[in-house]
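Contents: one structure, followed by commentary.
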Amino acid sequence: MAAAGCVTVALHVAEVLETIVSGCLGPEGRQVLCTKPTGEVLLSRDGGRLLKALHLEHPVARVMVACVSSHLRKTGDGAKTFIIFLCHLLRGLREITGKEKDFFPFENIQTCGRHWKNCCQWKFISQALLTFQTQILDYVMDHYLSRHFLSIFSSGTKERTLCRGSLEMLLGAYFCGRVGRNNHNLISQLMCDYVFKCTACESSFEEVLELVDDCFVELKVGVTGLPVSDSRIVAGLVLQRDFSVYCPADGDIRIVIVTETIQPLFSVSGSEVILNSEAQFQTSQFWITERTKAIVKHLQNQNVKLLLSTVKQPDLVIYFAGLNGISVVECLSSEELSLIQRVIGLVPFVLPEASSQYELSHTALVKFCKPLILRSKRYVHLGLMSTCSFTPHCIVLCGPVQGLVEQHEDALHGAFKMLRQVFKDLDLNYVTQTSDQSCTSGPRIYKNSRESNELPKIVNSSIQRSYQDTVVKNKGELAKTQTNLKVCSNLIVPSVKLEKNVLCSTPKVAVTDSYQTDETLRCSSPNKGRIMDDHEPFIENNSANSKTENTRKEISYENLQVTKLARKDSILPLRYKSLEMCTSQSYYFSSIPAGCVLPVGGNFEILLHYYLLNYAKKCQQSEQTMVSRIIANALLGVPKILYKSKKGNYSFPQVYVRALQALQTNQPMISNQTGLESVAGKYQLLASVLQCLTNILTVDLVINIKRQPQEVYDQDSEEEL
Amino acid sequence: MSRLEAKKPSICRSEPLTGERTRASLAALRGLVTSCYGPAGRLKQLHNGRGGSVVTTSQSAALLAGLPVSHPVLKVLTAAVRNHVACFSDGGLFTAILCCNLVENVQRLGLTPTTVIKLNKHLLSLCTSYLKSEVCACRIPVDFSSTQILLSLVRSILTSKPACMLIAKEVDHISTLILRAFLLTIPENAQEHIILGKSIIVPLKGQRVIDSAVLPGILIEVSEVQLMKILPIKKSDSFKVALFGVSLSGDLSDTGEGTLLVSYEVSLENAALDQLFNLGKQLVSDRVDLVLCQKVIHPSLKQFLRTHHVIAVDRIGVSLMEPLSKVTGAWPIGSLGSISPNSYGSIKDLCIAKFGCKHFFHLIPNKTTICSLLLCNRNDTAWDELKLTCQTALHALQLTIKDPYVLLGGGCTETHLVAYIRHKTRNEPESVLQDEGCSQTELQLITDAFCTALESLAGSLEHDGGEILTDSKYGHFWSVQADLPSAVNWPDLLSRCGCGLYSSQEELSWSFLRSARHPFPPQTCLSREATGSASTLTLDCFTAKLSGLQVAVETASLILDLSCVIEDTN
């Protein structure tokens, strides 16, 4: 396949995929029924799962699916948006190039040359895309978009405490896109309850989420045949097996875990047992019995009431355990064992070598231990007493068919993944060029900068923000950054001019003049009505590894109620002097702080669209303008689908126009949606899509091999699909 | 991995419900389940050309288990029904028919899935909250002081399964047996948590249904050869029982993973046998009367035990172990070496009984909640059907104990619910419209579709071309023969309503179920006198039907929500 047709072909493929996934997008999305080769049916609205189920053959399609799944592994969300966005980007690219070359005569040798020229052109565009993704996107996110961010953490306290209302909105929006319409409220409520029930103290959400994400399979029980509304949360841990022996016990219940059979083996592997007489055999059998009896008896003396075993115990052990009032659960999986160990910190009991007296130190207490009957199937229900911040609870998911239960399980698991991402900071870094001129103008403005706290107008009145600059004192990191710097600076040479414009448009740059105390300074662009938290570096001329110390500063706005956004900007500013250009490059390291969210319903897309268009207007370089425009327009694809079924005042053009007006007049955007979505997730999605597109564009030839792959056990990413 | 083939691409179909194929298969399934419904339902004969027995049935459990479904949409539907049946035993056909009806009715309207699902959910919650409320007039609280209601429930379940081939007298007999078997499983001194016992169904094919019986304790089948070896049982007021879970065959037990080197002339088999004899000696000295073994007992040990007047029965199987342990109080022994005296149990009496051509050991317990239901029927298929029905009935009784209500059967609950919903949505639509944000017309359309689905469900009880009427006071179900004379006096023609609660002499007014009617408020709050006066009612299990209703609506919503189907053809 020729690269010239590449975009067209890729667009065809993406359009086909788009028609499938757009049907499931958003709160109005519908279900897709997948049949497995085994004949089972599965209901799904999960984009990643659908794409996998299609078993696509087309090479471009396979590239796309591979990109989607690698994105999903990272974030666990956004597969459908990925495809839609990619499709719109390709559409945008084709429109532009289509105007220039409508014809492709592939007859003579000359065209062959043209073909390679085309390839070069695509290569060029993809380079521009990559530059955009690594440079401009971060810049726009940090400078413009960040003022609209809300946080899911509640205000008022120093520590990050999760606000229940915000969490509900975040989860509600997530499940709207994942499970059936009649169930999403129920499931998101269930999950919200679960998160709060499992968390012992407010500050340990991250730890709990990590544990739940890792061990989700062990923490849920699927029950088919009951209505979905019967789903519930049960306190304690439910093991998906029955007791081998159950002896009702109450009060003080001690448990031990064993990983080997309690009954001594007649012979161990690799050894030889020589039997010279029948009596010898009988004696050894007798000894085995007595020994087993002694161990079990000892366990009983230590008040052990429950034996958890990872292996199958022989009849003899079961018999003696039953006689001594010890319940036994056998064949625990290693995952269940590790979960129990994580929760109660219990180490498996090691059988002593000698049969004399020994101390039994590895026991733990449980609150209760009883059979739980769900749909006439018996499970083991343990009331573990947690030693970590996770209070064990299990989710019982009911549904009329297995396929639906699985869908809910997947959605819940994905939601935990997504929440984990929300709780993480996401780093942004970008380069801006500062001309000498602006540097010199710095000292003049510096005097105002102290008072600048009061200066800016509040853009989003409902949001309180405090920017906190952390102190960075790390020589090693600094050095590392410098090496990065060199690499980066080589990459960005072609777009240097362009970036120069960026800072020229932000007219007032304040620079500190205090050379003694390495101070931070702040650039503010009052015309935009906000404070930019840029920190101009101070570096002594000759020393490359100077310490940088940012003073802590807090800027508080006046009317602040709803949310507080704690920003931790760890900034390592450096100045790079380029001899030829006479400009200095500033490297900014900022981040999207944990818990940043925006209202759903295409808010992120419209905002980014608006700022990218603004950016494109200012940008003089045609290439970057073009790329920004294409991306800006493609971003609208998602909200267009979301608002497709809405009429009148809520139709897409109306919403769009209202949003733009609000942005232009610096008024808060009004959203009629109640859900929230993670900013970091969206940002990562955008980055992944751009990388995927670059990937597709840079390929000039697809070589079709019709032979068995030689190394079948090769770890190919497509294997997993 | 020797085989690595590229996967074939899947087939993707969008809008699966509008296709002709889906519509046809859905209609076929609906026809199938509808024709089976109710006491007058037609039987289906499942015959697999590749082998296996021919099944004659009208129950959803047997029907759907043997019916391979290829269409993905139908797979969802039948899976939902089968899962429901696995949970509740009863109400499978009800769920299947309602779900098919709902999908077909709503599909015809062509409204957006969002509205349909929202409104269906709302109507469902209207139904469930009414059925659970105190004012509900199609729900009867169960009076445990008399057996009347429970007996009626069992009878209704038996009569609704025509493939059992029972005549009226047999129905009476079997329903009494089932109720008795159930009552035997309830412990006498019940505390807060009742742990029900178990009734074991013992097959006895080829006998008259009337010969079926309920016996307390456990029946263990023994062959005639075995019986001859067993000596006459001595009379005693208590028998000591040893129950073995471990094999007594004298095989070498697990010798570990190492290598075993055995000197010449040393026989481990003899050693193991010696061990068994020692065990036998211990049993004899402990004065055990009966040895039961899940697995095999070595013939020598059997011989040894017999000479010491100990009865030995082996190959009992794992399924009987738990009940046996409960009946005798014995702990299953897992050791060949030492036996703790606590692990012995006892029974009150032991006798040999002969039913039909089969011989049984009958273990009569002192006091326990285990009983055996000896079930007879003429042929295999009818017996299978009867067994399934008995299990259903026993399960329904258990569910009724948990939630002590029953619903009126015979179509009356459905027609009554329809009257209630129609009245409610016509007179108080504001609450719905406000919450769900849809128009009055949409609500009316969906309500109609929902109610028609319930009505035609009730209507499928009638298979002989008769007409169905409903009264305008209680909203109950009345059926009348086909080919009526033009001018009729309804009260003479109709005798009682579907459930048997009301008689036609009550000065009611009737209208055809299919005709358009004006919505009316059905009378709520069932009076005690009404339920007391009627002798035989047709009743349904409350829990099973309620859950069936929910599952049917949820599954229908699920199917209506499908935007495309991806079929993996690998």
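Below, read A as the first sequence line, B as the second, and so on, with proteins coming before strands; counting in each chain starts at 1.
When all heavy atoms of B:Gln550 and A:Ser229 are compared, the pair lying nearest together is NE2-OG, 3.6 Å. Across B:Asn83 and A:Gln402, no two heavy atoms sit closer than the pair ND2-N, 4.1 Å. In terms of heavy-atom proximity, A:Gln285 sits nearest to B:Gln275 at CB-NE2, 3.8 Å. Contact record, A:Ile20 with B:Cys564: CG2-SG, 4.2 Å, taken as the closest heavy-atom pair. Taking all atoms of both residues into account, the shortest heavy-atom contact from B:Ile566 to A:Ala53 is CG2-O, 3.8 Å. What you find for B:Ala271 and A:Gln282 is that their closest heavy atoms are O-NE2, 2.9 Å.
Heavy-atom distances place the side chain of B:Cys12, and not its backbone, under 4.5 Å from chain A. Contacts between A:Val41 and chain B at a heavy-atom distance below 4.5 Å involve the side chain alone, from C-beta outward. In this structure, chain A has heavy atoms under 4.5 Å from both the backbone and the side chain of B:Ser267. Heavy atoms closer than 4.5 Å to chain B are found nowhere in A:Thr19, neither backbone nor side chain. Heavy atoms closer than 4.5 Å to chain B are found nowhere in A:Val317, neither backbone nor side chain. For chain B, no part of A:Leu42 is nearby; none of its heavy atoms comes within less than 4.5 Å. Heavy-atom distances place no part of B:Tyr264 under 4.5 Å from chain A, backbone and side chain included. Proximity to chain B is limited to the side chain of A:Lys293, based on heavy atoms less than 4.5 angstrom apart. For chain A, no part of B:Leu77 is nearby; none of its heavy atoms comes within less than 4.5 Å. Only the side chain of A:Thr289 comes within less than 4.5 Å of a heavy atom of chain B; its backbone N, CA, C and O stay farther away. Looking at A:Gln280, neither its backbone nor its side chain comes within 4.5 Å of chain B, counting heavy atoms on both sides. If you measure heavy-atom distances from B:Ile339 to chain A, the contacts under 4.5 Å come from both the backbone and the side chain. Using a 4.5 Å cut-off between heavy atoms, B:Ser335 contacts chain A through both its backbone and its side chain. Residue A:Glu272 touches chain B through both its backbone and its side chain, counting heavy-atom pairs closer than 4.5 Å. Proximity to chain A is limited to the side chain of B:Glu15, based on heavy atoms less than 4.5 angstrom apart. Both the backbone and the side chain of B:Pro113 come within contact range of chain A, judged by heavy atoms closer than 4.5 Å.
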Show me the side-chain donor-acceptor pairs of residues 67-76 of chain B shorter than 3.5 Å, one per line, residues at least two apart or across chains.
unit_1	atom_1	unit_2	atom_2	d
B:His71	ND1	B:Val73	N	3.1
B:His71	NE2	B:Thr22	OG1	3.1
B:Lys75	NZ	A:Gly39	O	3.1

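Atom CZ of A:Phe286 has 12 or fewer heavy atoms from other residues, nucleotides or ligands within 6.0 Å. Counting heavy-atom neighbours within 6.0 Å of B:Glu322 CD, excluding the residue itself, gives a total of 12 or less. The environment of B:Lys198 atom NZ is sparse: at most 12 non-hydrogen atoms of other residues, nucleotides or ligands sit within 6.0 angstrom. Heavy-atom contacts from other residues, nucleotides or ligands closer than 6.0 Å to NZ of A:Lys36 number more than 12.
Side-chain N/O atoms of B:Ser340 and A:Tyr319 include no donor and acceptor closer than 3.5 Å. There is a side-chain donor-acceptor pair under 3.5 Å between A:Glu28 and B:Thr114. A donor-acceptor pair shorter than 3.5 Å cannot be found between the side chains of A:Thr35 and B:Asp568.
Contacts with chain A were tallied for B:Asp274, B:Thr569, B:Asn342, B:Ile559; B:Asp274 has the most, counting heavy-atom pairs under 4.5 Å. Listed options B:Ala552, B:Pro332, B:Ser14, B:Gly548 were ranked by heavy-atom pairs under 4.5 angstrom with chain A; first place goes to B:Pro332. The greatest number of non-hydrogen atom pairs below 4.5 Å with chain B, out of A:Gly180, A:Gly399, A:Gly322, is found for A:Gly322. Chain A forms the most heavy-atom pairs under 4.5 Å with one residue out of B:His84, B:Arg82, B:Glu554, and that residue is B:Glu554.
Taking 4.5 Å as the limit, some side-chain heavy atom of B:Leu562 sits within range of a side-chain heavy atom of A:Leu43. Using a 4.5 Å heavy-atom cutoff, the side chains of A:Leu323 and B:Ser343 are in contact. You'll find the side chain of A:Ile274 stays beyond 4.5 Å of the side chain of B:Val262, heavy atoms only. Contact of the B:Ser263 side chain with the A:Ser277 side chain is not registered, since no non-hydrogen atoms from C-beta on lie closer than 4.5 Å. Side-chain atoms of B:Pro9 and A:Leu56, non-hydrogen and from C-beta on, never get closer than 4.5 Å to each other. Between B:Phe88 and A:Leu226 there is a side-chain heavy-atom pair separated by less than 4.5 Å. Taking the side chain as every heavy atom from C-beta outward, B:Leu558 and A:Leu404 approach each other to under 4.5 Å.
Of the possible donor and acceptor atoms, none in the side chain of B:Ser563 sits under 3.5 Å from a partner among the backbone N and O of A:Arg30.
Residues satisfying the salt bridge (Lys or Arg N to Asp or Glu O under 4.0 Å) criterion with B:Arg21, sequence neighbours excluded, are absent altogether.
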